[in-house]
There are 2 protein chains.
Amino acid sequence: MRSGTNPTVNDVATAAGVSTATVSRCINSPEVVQPDTLRRVRAAIDTLGYAPNFGARALAAKRTNTVGAIVPTLENAIFARGLEAVQRELAAAGSTMLVSSSSYDPEQEAEQIRTLVARGADALLLIGFERSAEIYDFLDRRKIPHVVAWAFAPDQPRPAVGFDNRAAMRALAEKTLAFGHRRIGLVTAQREGNDRAQNRWLGLLDAMRAAGLGEDDLSLQETVYDIESGRAAAHALLTRDPRPTVIMCGNDVLAAGAMIAARELGLSVPEDVSITGFDDIEIARVLTPQLTTVHVPHREMGRRAARMLIDMRDDATAADSVELGTEVILRGTLGPAPVTP
Amino acid sequence: MRSGTNPTVNDVATAAGVSTATVSRCINSPEVVQPDTLRRVRAAIDTLGYAPNFGARALAAKRTNTVGAIVPTLENAIFARGLEAVQRELAAAGSTMLVSSSSYDPEQEAEQIRTLVARGADALLLIGFERSAEIYDFLDRRKIPHVVAWAFAPDQPRPAVGFDNRAAMRALAEKTLAFGHRRIGLVTAQREGNDRAQNRWLGLLDAMRAAGLGEDDLSLQETVYDIESGRAAAHALLTRDPRPTVIMCGNDVLAAGAMIAARELGLSVPEDVSITGFDDIEIARVLTPQLTTVHVPHREMGRRAARMLIDMRDDATAADSVELGTEVILRGTLGPAPVTP
DNA sequence: TTGTATGCGTTATCAT
DNA sequence: ATGATAACGCATACAA
């Protein structure tokens, strides 16, 4: 009994009276070994408390069973919920998830992609399409399977699982316009380098143009994704003259901030001003009144992305992109535009 | 030029006209190599696009520069915010964070601990003290450095960074009692296997006893941590006769659910019923009125935990536990107890 | 300061 | 079905 150091295949092999190769087989393809020896080996593994060494395994098998996920932020139920689904699905397939968050910073994202690849990630989950050609080149040269989630666009060659941000926002904007709103405020994340934000903005413009409005009818504030910033941005919009009759927000978190801004200014929602969000996370239902938003199937997206990642890693043949549907959820924060100028 | 396969130390060594050992040194302790050769080697690394193989490195160095973190859930700003801090701090020290979530399930947590250890995690971040002796034995035998976060108790031997859940809840309860509340409802997570929930409950009892109340004055509902469950649990408490004059919740998410329940029942907060939370996450400020809660320094906790993990991994000498302070935040949801029976 | 040589623990190839 | 053995790519003790 060697103590102090962990048991190895060798120890197990000796204990079970077989070769190391057989031990390895018992672990990786038990179906090819005789039931009898399998039992003996497993017993040895148990009594010795053997567990394969990760590094050695990765070195020999050229695979880590690890997939990396890089999200813009963890502090947001949107990605957290999706990631939880990713992790669950990966675990079921024997893989582990490595996450990191880029703080919505392309530079950091690039660095983290490199780090995760260096850490031996077999595949990568990325959010949104927009990133530098260098990074995509890097992934392609290294042949790292990767899927883009939270975004979908028919013309994008890379495997993706997501939804059409532009169409979804357009649908919401059409409802909004149908309520008679003509002076529109938009609180959005920084659009540069963020195709989701960009497309939501474009979707809004689509609807506005179809209704005979132009960019002049839109006041816009770019900000980072947190409640306080949403509040500040909405405050700025709501103190303009003329005041927008509706504040559409790039996500529910910003919308929650906008609700606070309205409260501060003594404006009632939706009588004085309407507010809309995007994502339909839990916060949408705790606001008073509840938030009109776009429902996005985050869990489903996470699951599908994980499956795709696993398939791509095993098959190497590029998977087909998946487009998921979204749904406009009408709740109390969206009402008719006030008639007063 | 060998194509199709990644360059190795050997390739770099040949290209730079040095030995593999020197290449290794250039990467791991550049200060011991001559500036001139260092430059040559770095040039070779660049042109070849060399990156160390993770598995080989882990195998040879017996270290992965990876630390695992297991949290009860990712779908909750509480842990998400802390984890983001952990990740940031680890990254600064050249380590990567492996996360997984246990869904508040001890069995899953145990399995994930084993998985992360098998994945070569150098150290582990755990939430709360309470887990089976087997798991602690496992960690001790394997000599896996680990720190417990989100909890602190003077009598606990294991390194921890957190706060005194019991004292914090007691402080909040004292404020509540000072508002005249005598019939108290508690919505808590399942206490068994969750020392945080357990201690918050005990803290409440401490305050109640000090005020001359007993367990009879407390109605209690155990539930899982999400808004809908919080709503249901609070609904159950609020339809009891006599109705509690305050619903204290194990965290802000449950409190958000309680707010919905109150709204459903046509009860105004805090005129008809007061509500309190715990954690002070963003949701606390978007509720109307804003939520009275206990502020917990999540980011600070994450940072400290990460530092501790790194120190323990490098030093092996057990670090000292850190107790962080909390603060009762009085906001609109806590008011005087209604006088009507 | 640099090079040589060996070990790290597995998996996979090729026999048997 | 099982065994022997050669990679796998790097770090490091030891030599020079």
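The chains referred to below are lettered A, B, ... by the order of the sequence lines, with proteins before strands, and numbering in each begins at 1.
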Nearest-nucleotide pick for A:R25, side chain only, options being C:dC14, C:dT11, C:dG9: C:dC14
If the cut-off is 4.0 Å, is A:S19 near the phosphate of D:dG3, judged by side-chain N/O to OP1 or OP2? yes
Side-chain heavy-atom pair B:R142, B:D137 within 4.5 angstrom cut-off: no
Give B:S24 one of three labels, base, sugar-phosphate or nothing, depending on what nucleic acid heavy atoms sit under 4.0 Å from its own. base
Which atom of A:I310 lies closest to which atom of A:A93, heavy atoms considered: CD1-CB, 3.2 Å
Grab the NZ-P distance between B:K62 and D:dA13 for me, whole Å please. 12 Å
Is the phosphate of D:dA11, meaning OP1 or OP2, less than 4.0 Å from a side-chain N or O of B:N28? yes
What I want to find out is whether A:D311 reaches A:R304 closely enough, with some N-O distance under 4.0 Å, to be called a salt bridge. no
Which nucleotide in the list D:dT2, C:dT10, D:dC10 gets nearest to the side chain of A:A60? C:dT10
Where each residue is assigned the nucleotide of DNA chain D containing its nearest heavy atom, which of A:T20 and A:V32 is assigned the position nearer the 5′ end? A:V32
Taking the six-membered ring for Trp and the full ring for Phe, Tyr or His, determine whether the centres of A:F79 and A:W150 are under 6.0 Å apart. yes
By the 4.0 Å heavy-atom rule, please label A:N10 as base, sugar-phosphate, or nothing. nothing
Considering every strand and a 4.0 Å limit on heavy-atom distances, what is the contact class for A:Y50: base, sugar-phosphate, or nothing? sugar-phosphate
Spacing of A:L59 atom CG relative to D:dC8 atom P, expressed in whole Å: 9 Å
Output the rounded distance in Å from CZ (B:F54) to C1' (C:dC8). 15 Å
Could you tell me if the side chain of B:N53 sits less than 4.5 Å from the side chain of A:L59, heavy atoms only? yes
Name the nucleic acid region contacted by B:V23, choosing base, sugar-phosphate or nothing; use a 4.0 angstrom heavy-atom cut-off, strictly under. nothing
On DNA chain D, compare the nucleotides closest to B:I27 and A:L38; which residue's is nearer the 5' end? A:L38
Name the closest nucleotide to the B:Q34 side chain, picking from C:dT10, D:dC10, C:dT2. C:dT2
Looking across every strand, which nucleic acid part, if any, lies under 4.0 Å from A:A13 by heavy atom: base, sugar-phosphate, or nothing? nothing
Can you identify which nucleotide, out of D:dT2, D:dG3, D:dG9, has its nearest atom closest to the A:V18 side chain? D:dG3
Gap between atoms CG and C1', on A:N53 and C:dG9 respectively (whole Å): 6 Å
Short side-chain N/O contact to C:dG3 OP1/OP2 from B:T22, under 4.0 Å: yes
Taking atom P of C:dT10 as reference, at what distance in whole Å does atom CZ of A:R63 sit? 18 Å
Less than 4.0 angstrom from a charged side-chain N to a carboxylate O is my criterion; do B:D140 and B:R158 meet it? yes
OP1 or OP2 of D:dA11 under 4.0 Å from side-chain N/O of B:R57: yes
How about B:E109 and B:I127: do any of their side-chain heavy atoms sit closer than 4.5 Å? no
Taking any heavy-atom pair under 4.0 Å as a contact, classify B:T37: base, sugar-phosphate, or nothing. sugar-phosphate
Just by modelled atom types, is the B:T20 backbone N or O under 3.5 Å from a matching donor or acceptor in the B:S24 side chain? no
Under the 3.5 Å Watson-Crick or G-U criterion, the dot-bracket string of DNA chain C, with | for inter-strand pairs: ||||||||||||||||
